[in-house]
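Each chain gets a letter, A, B and so on, in the order its sequence line appears, and its residues count up from 1.
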2 protein chains.
Amino acid sequence: MGVTIYDLAREAGVGIGTVSRCLNNHPHVSARTRTRVLSVMKRLNYQPHAQAQRLASRRTNTISAIIPSFTNYFFVQILQGVQDVAAEVGLDLILYGVNHTDQVELYLRRSLHRGHVDGVLFFSMKLPESYVSRFHQMHLPLVLVDTYHPSFDSIRVENYEGGLLATRHLLGLGHTAIAMINASLETQPARERMAGYRHALEERGIAFRDDRVIASSMGKNDGFNREAGRESMSRLLATNNGPDPITAVFIASDVQALGALEAARSASVRVPEDIAVVSFDDIELAQHAELTTMRQPMYEMGRLAMEKLYSRMKDPGATPTLTSFLPDLVIRRSCGAVLRPAPLLHETGLYSPIPSA
Amino acid sequence: MGVTIYDLAREAGVGIGTVSRCLNNHPHVSARTRTRVLSVMKRLNYQPHAQAQRLASRRTNTISAIIPSFTNYFFVQILQGVQDVAAEVGLDLILYGVNHTDQVELYLRRSLHRGHVDGVLFFSMKLPESYVSRFHQMHLPLVLVDTYHPSFDSIRVENYEGGLLATRHLLGLGHTAIAMINASLETQPARERMAGYRHALEERGIAFRDDRVIASSMGKNDGFNREAGRESMSRLLATNNGPDPITAVFIASDVQALGALEAARSASVRVPEDIAVVSFDDIELAQHAELTTMRQPMYEMGRLAMEKLYSRMKDPGATPTLTSFLPDLVIRRSCGAVLRPAPLLHETGLYSPIPSA
DNA sequence: TGTCCGATTGGAAGCGCTTCCAAGAAGATA
DNA sequence: TATCTTCTTGGAAGCGCTTCCAATCGGACA
């Protein structure tokens, strides 16, 4: 139990320095010595001790990802991108899932713990101001994703533009009474998407109406969840019997839209015939539910985040960069813009197509 | 940069041993000394160095989870359970997502690397036999989830029973021509679920027919994915015009069922009217798609796995345990067993309810 | 007052590795 | 052959902590 470099050195008849140099592929080791040492390593089934290497080299080869509850498909796909790149470059990834707000600071502190990780990815939450200086003091690389701070590398999505494009699309289809189902306005994406929605209306001379926006922060993920979507849609439909009824909704995320579809179904409201829907994210299921949505390149964002972190770890001095992705409009069935091959036009739903007569 | 216990000791006028004892809440430190040391720690903003602690104590406080590509909702939910318990007991979780088969060994080796992690969770894949002894030699705790080996703690689901119950349910609804859409028979769950299916048929005197089982291993996750499900269902429907046509399908997972529903829809085959469907897992979306399914308690399995690993880390000598979960039948719409409140009976689909006339 | 014992305390010896410096070896050059 | 270089090599000195042993201290008890 526990072959060390001393054993190797003795066995190979060299010094420990030489052994270490072989281990780390340093130059300045003669080919003969190297092969001899390597063969002894193999024979003794040597394994370097991770902690010892780390202590001595002051590198951990590990990064942490602080991410809101990752059962959300949005984060799952980002995480997949992160994980893939981490695997490619040989870094270990410690996962810190935030379920309660107070865990944010716990995980930030833990990540800042000296000698714990070499870098941190921080997702979709506001970085507490008090940690800004701590990261700088500790010279710990930090990359922000779906959130922003001027003094760190950030990756963002143009939420405002996304809201704008989504709403314009509905306007372009002839809708003028367009509601929005939003998540908690505490979150920046929610606020930005709404700003885009508002701007699109106003540039068409349509007044923004507070009573047409339902911002729910219920449940997990600041309201970005199915139940909140269902609830919001129910409320919206319940009050939709006045003059100028709503004919379209922009929903802040696909998961909420899934809930909203359920609510519409329960209320016998047809989508898209009675109410057109455009949402945001393009999670894998959006396709299944035929949601028209603003696509965020989640997997790519995850990859890029990890890549940025990696470069930053190698070159801590570089100035912070900001990368923005413009979301893409993906047109499917829920918005009523018919772009599909004829046979499918006649379907009426997931389970039962139109009775054949 | 870098306050050490030597600094603390000097500053507090005590020895480093005493400082260390304070850090680790050892007894045999007088209250007066302890408060003095703690106040100095605070004043100097001391942070212990993680790697140094680990090297000296030979504990890493970290475990790794080797898990097939976790974009699969099944794993996401298990992982959530794992992560929650890890957070509760203060362990770090390194995530190793397996995308290619050869990564399995890579991650196993990395986990076995001395001083890297204190325990390993291994999910849903066959543990290569050559690693069995290695884990024992290294005294590295290992817990298997959704897979099994007699010499390690394991957590399983009764796949055979699940297949049996699912198929019996369909038989109970009057179906006799029941197909199965399966994933790769290389995987144990697929084989077991099929064995249950087969037994259920045979105990009713219905012959098991090879041509009624479609086992696809296409795509990710050994065929446990939407595309494979879609493909299989299409194939099934294409050949379903002989005598004794199929009226029901047992599908090996919910994700496949989602794809199968899409295929049915494209082919204008109604579910459940023309073909009844029962699947397996009860991922969150099964509810949305109204799938009748065999529920696996995924979150709980994740929690339990982590709990088992934690106890094993504390008591390495205990004999391996095996915990089995019996999946529950959750009846929803897709099987045609109508158990829902009247208003919903009249819906015809996700988007468009029955035209009101 | 003297003894004894448990409660505290200090600090040396590691944990296993990387790194650096000095020194030896082997060519290269004149 | 003498003198430089340039490669190689050995191993001491850390990295910052835990742990153990020996030493000290302070009462309790006779």
Distance in angstrom units between [X] [atom1] and [N] [atom2], rounded:
| X | N | atom1 | atom2 | result |
| --- | --- | --- | --- | --- |
| A/Asp7 | C/dG16 | CG | C1' | 11 Å |
| B/Leu23 | D/dC17 | CG | P | 7 Å |
| B/Asn61 | D/dT18 | CG | P | 12 Å |
| B/Leu55 | C/dA13 | CG | P | 18 Å |
| A/Gln53 | C/dT19 | CD | P | 10 Å |
| A/Ile5 | C/dG16 | CD1 | C1' | 6 Å |
| A/Tyr6 | C/dG16 | OH | P | 10 Å |
| A/His113 | D/dG16 | NE2 | C1' | 11 Å |

Kindly say if [X] contacts the phosphate of [N], meaning a side-chain N or O under 4.0 Å from OP1 or OP2.
| X | N | answer |
| --- | --- | --- |
| B/Ser57 | D/dC17 | no |
| A/Tyr46 | C/dG16 | no |
| B/Gln51 | D/dG16 | no |
| A/Arg54 | D/dG16 | no |
| B/Arg59 | D/dT18 | no |

Closer than 3.5 angstrom, by distance alone: can the side chain of [X] be matched with the main-chain N or O of [Y] as a donor-acceptor pair?
| X | Y | answer |
| --- | --- | --- |
| B/Arg36 | B/Ala12 | yes |
| B/His113 | A/Pro48 | yes |
| B/Arg114 | A/Val3 | yes |
| B/Asn225 | B/Lys220 | yes |
| A/Arg156 | A/Ser154 | no |

Could you go over nucleotides 25-27 of chain C and give all protein N or O partners under 3.5 Å, atom names and distances?
none

Angle class for the A/Phe152/A/His149 ring planes (parallel below 30°, perpendicular above 60°, tilted otherwise)?
-> tilted
So which protein nitrogen or oxygen atoms get under 3.5 Å of nucleotides 8-11 of chain C's nitrogens or oxygens?
| residue | atom | partner | partner atom | Å |
| --- | --- | --- | --- | --- |
| C/dT9 | OP1 | B/Ser30 | OG | 3.1 |
| C/dT9 | OP1 | B/Thr33 | OG1 | 2.4 |
| C/dT9 | OP2 | B/Ser30 | N | 2.9 |
| C/dT9 | OP2 | B/Thr33 | OG1 | 3.3 |
| C/dG10 | OP2 | B/Gly15 | N | 2.6 |
| C/dG10 | OP2 | B/Thr18 | OG1 | 2.7 |
| C/dG10 | N7 | B/Arg21 | NH2 | 3.3 |
| C/dG10 | O6 | B/Arg21 | NH2 | 3.0 |
| C/dG11 | N7 | B/Gly17 | N | 3.3 |
| C/dG11 | O6 | B/Arg21 | NH2 | 3.0 |

Taking the six-membered ring for Trp, is the centroid-to-centroid distance between A/Tyr73 and B/Tyr73 below 6.0 Å?
->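 Yes, the ring centres sit under 6.0 Å apart.
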Should A/Met306 and A/Ile63 be marked as a side chain to side chain contact (heavy atoms under 4.5 Å, CB included) after you check the CA-CA gap, both sets of side-chain angles, and the distance that decides it?
-> CA-CA 9 Å; A/Met306 189 62 236; A/Ile63 64 123; 3.7 Å; yes
Nearest to the side chain of B/Arg114 - C/dG16, D/dG16, D/dT18?
-> C/dG16
Derivation and outcome, side chain to side chain contact (heavy atoms under 4.5 Å, CB included), residues A/Met301 and A/Val157 = CA-CA 9 Å; A/Met301 286 168 69; A/Val157 159; 3.6 Å; yes
ring-ring contact (aromatic ring centres under 6.0 Å, His included) partners of residues 87-110 of chain A, not counting sequence neighbours, each pair once |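 Qualifying pairs, neighbours excluded: A/Tyr96-A/Tyr107.
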With a 4.0 Å cut-off on heavy atoms, is B/Thr4 in touch with a base, just the backbone sugar-phosphate, or nothing at all?
-> sugar-phosphate
